[in-house]
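Beneath this line is the structure, given in structure tokens, with notes to follow.
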Number of protein chains: 2
Amino acid sequence: MDPVSAPRARRARGPYAKTAATRAAILDAALEVFAEAGYRGGSLRHIAERVGMSEPALMHHFHSKAGLLQGVLDHRDQRSYAIAPIDRLPGEQSIRGLIALVRHNASTPGVVELYAILAAEATSDSHPAHGYFVSRYEFVRASIVDSFRQLEEEGQLAAGVTPQSAADATIAIMDGLQVQWLLDRGALDMADELAAFLRIITRLEL
Amino acid sequence: MDPVSAPRARRARGPYAKTAATRAAILDAALEVFAEAGYRGGSLRHIAERVGMSEPALMHHFHSKAGLLQGVLDHRDQRSYAIAPIDRLPGEQSIRGLIALVRHNASTPGVVELYAILAAEATSDSHPAHGYFVSRYEFVRASIVDSFRQLEEEGQLAAGVTPQSAADATIAIMDGLQVQWLLDRGALDMADELAAFLRIITRLEL
DNA sequence: GTCTATAGTTAGATAGAC
DNA sequence: GTCTATCTAACTATAGAC
């Protein structure tokens, strides 16, 4: 066999095929561990164990714990945006997208748990994901305000409701429901509760 | 001097006067540290430093880190209940109490931060405050459902709103607003937003 | 009631062989 | 790209003197 053919054969599946698979496995494990214990409470050691590799091997792919967290956040953002690109859909579609997103989230409790803990942890300036959450909330707030403004122009917003307060309340409901749901998953249906709220502040039939 | 008089003089200020003062100082420091870094991220060392005492001295008053956390939670519960005894006020008074409570919370960001982080962290079964938050949410949910049920009987609840979903949404709004407010305290007024929401789902003039 | 000293873990990160 | 081995620092908690 041609000694050169082996690496070429691997490259044939695409560049860094194995690296990408390893990175994906690490991100999955990191998500589980961070979701269980939070960012500060989760350890690289536990993540490495779950992947079945050594800690230094893990550090080869993500140079620091903060870098790994960033990788997890980016990974989930891409998936969320695929479900609900809230800044590019017209008003009503955007609102419906939020409900679809929440319904999907209910099928991945680990991700919900990670986000709920991180959003609260990252409130502190010193948290490595602080900047991420600040800019993320700015983006989400602006996008949802824009959606409600469109509904307002179409006369679809309830009386006495402003786009800004509607957006703030919608985001708050989504975040707050997660905590109650995580504490007792049988207590409520997040998507149903969100839809009920949106039916009250809009004239949409959701 | 009579060697017996010294201890008696101290006792004259009440039993364990000094101990109580030290415990209070520890609870204040613990609240600050846990609020900044979360329970898992906050260390007994930093708390002891802030009080100006050694770590073992701290352990003399609270036998474990979990015990110290419980002390902080109990301390804040007593204060919250003094502002809004939601299970003992009639419906409308209870709802007004919630707004008053949120307005008061806005003057103590550290406490808000601690609660937001803990509520999310304590979602996991393994968290030392898990049991506390489970029973606390049960109590709060039951109390607020009861308040909305009274409003319903008085015809003060908006059409299509049930006491249970009103309570779930109210609690979610309160919890969710905290995260947004902590990320950017100028972004919104928690009490105003809560009042706006309550005006929509009730016929109360708040 | 507070201290010094320290046990016993666990953490994130690095060096260098293969 | 993954490993063993190791470093340094931080953690909770305990023992025992004062």
Side-chain angles (χ1 to χ4, degrees), chain A residues 3 6-11 13-27 29-30 32-34 36-72 121 124 126-129, chain B residues 3-4 6-27 29-30 33-34 36-72 121 126-129:
Chain A
R8 201 185 275 162
R10 251 198 296 194
R11 286 274 168 114
R13 263 177 262 133
Y16 311 114
K18 190 177 178 186
T19 298
T22 304
R23 280 180 60 101
I26 293 172
L27 288 177
E32 290 174 28
V33 171
F34 286 152
E36 178 65 24
Y39 171 72
R40 298 197 233 235
S43 75
L44 296 177
R45 201 151 298 182
H46 286 136
I47 296 170
E49 270 176 27
R50 193 164 298 214
V51 187
M53 73 196 312
S54 72
E55 202 180 325
L58 190 156
M59 299 285 287
H60 172 77
H61 295 276
F62 297 90
H63 298 340
S64 70
K65 192 186 183 184
L68 177 54
L69 176 62
Q70 193 58 58
V72 172
E121 275 187 352
S124 303
S126 60
H127 197 283
Chain B
V4 184
R8 198 185 277 162
R10 252 198 294 192
R11 286 273 169 112
R13 263 179 259 131
Y16 312 115
K18 190 177 178 186
T19 297
T22 304
R23 280 180 61 101
I26 292 172
L27 288 176
V33 171
F34 287 152
E36 177 66 23
Y39 171 71
R40 298 197 232 237
S43 73
L44 296 178
R45 195 155 304 179
H46 286 135
I47 295 169
E49 270 176 27
R50 195 164 296 215
V51 186
M53 71 196 313
S54 74
E55 204 179 322
L58 190 155
M59 298 286 286
H60 173 75
H61 295 276
F62 296 90
H63 298 339
S64 70
K65 192 186 182 184
L68 177 53
L69 175 63
Q70 194 57 58
V72 172
E121 274 187 351
S126 60
H127 197 284

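In what follows, every chain begins at residue 1, and chains take the letters A, B, ... in the order their sequences are listed.
- The side chain of A:Leu44 approaches C:dA13 more closely than any other nucleotide in the set C:dA13, C:dA5, D:dT2.
- Between the P atom of C:dA11 and the CZ atom of A:Arg40 lies a distance of 16 Å, rounded to the nearest Å.
- Looking at heavy-atom distances under 4.0 Å, A:His63 makes no contact with the nucleic acid at all.
- Among the heavy atoms of the strands lying under 4.0 Å from A:Ser43 are primed sugar atoms or P, OP1, OP2 only; no base atom is included.
- For B:Glu55, whose side chain is taken as the heavy atoms from C-beta onward, the closest listed nucleotide among C:dA13, D:dC3, D:dT12 is D:dT12.
- Between B:Leu58 atom CG and D:dA13 atom P the separation is 11 Å, expressed in whole Å.
- Residues A:His127 and A:Ser124 bring no donor and acceptor atom of their side chains to less than 3.5 Å of each other.
- Distances shown here put a side-chain N or O of B:Ser54 below 4.0 Å from the OP1 or OP2 atom of C:dC3.
- Atoms CG (A:Leu68) and P (C:dG12) sit 10 Å apart, rounded to a whole Å.
- Rounded to an integer number of Å, the gap from NZ of A:Lys65 to C1' of D:dA10 is 12 Å.
- In the set D:dC3, C:dA13, C:dG1, C:dA13 carries the atom at the smallest distance from any side-chain atom of A:Arg45.
- Rounded to a whole Å, the CD atom of A:Glu49 is 17 Å from the P atom of D:dT2.
- Among the atoms of the strands shown, only primed sugar atoms or phosphate atoms (P, OP1, OP2) are found under 4.0 Å from some heavy atom of B:Gly42.
- Taking atom CZ of B:Phe34 as the reference point, atom C1' of D:dT12 lies 12 Å away to the nearest angstrom.
- Here the nucleotide nearest the side chain of B:Ala57, chosen from D:dT12, D:dT2, C:dC3, is C:dC3.
- Of the options B:Val33, B:Val72, B:Leu69, a side-chain contact (heavy atoms from CB on, under 4.5 Å) to B:Tyr39 is made by B:Leu69 and by none of the others.
- In this structure, B:His46 does not reach the D:dA10 phosphate: none of its side-chain N or O atoms is under 4.0 Å from OP1 or OP2.
- Residue A:Ile47 comes nearest to A:Leu68 through the heavy atom pair CD1-CD2, 3.8 Å, listed as atom of the first residue, atom of the second, then distance.
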- Given side chain to side chain contact (heavy atoms under 4.5 Å, CB included), test A:Leu44 with A:Phe62 step by step and report yes or no. CA-CA 10 Å; A:Leu44 296 177; A:Phe62 297 90; over 6 Å; no
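- Contact annotation: the side chain of A:Pro128 never approaches that of A:Lys65 to less than 4.5 Å [non-hydrogen atoms, C-beta and beyond].
- The side chain of A:Thr19 contributes an N or O atom lying less than 4.0 Å from OP1 or OP2 of D:dG1.
- If you take NE2 of B:His60 and C1' of C:dT2, they are 8 Å apart, rounded to a whole angstrom.
- Atom P of nucleotide C:dT2 and atom CZ of B:Arg23 are separated by 12 Å, given to the nearest angstrom.
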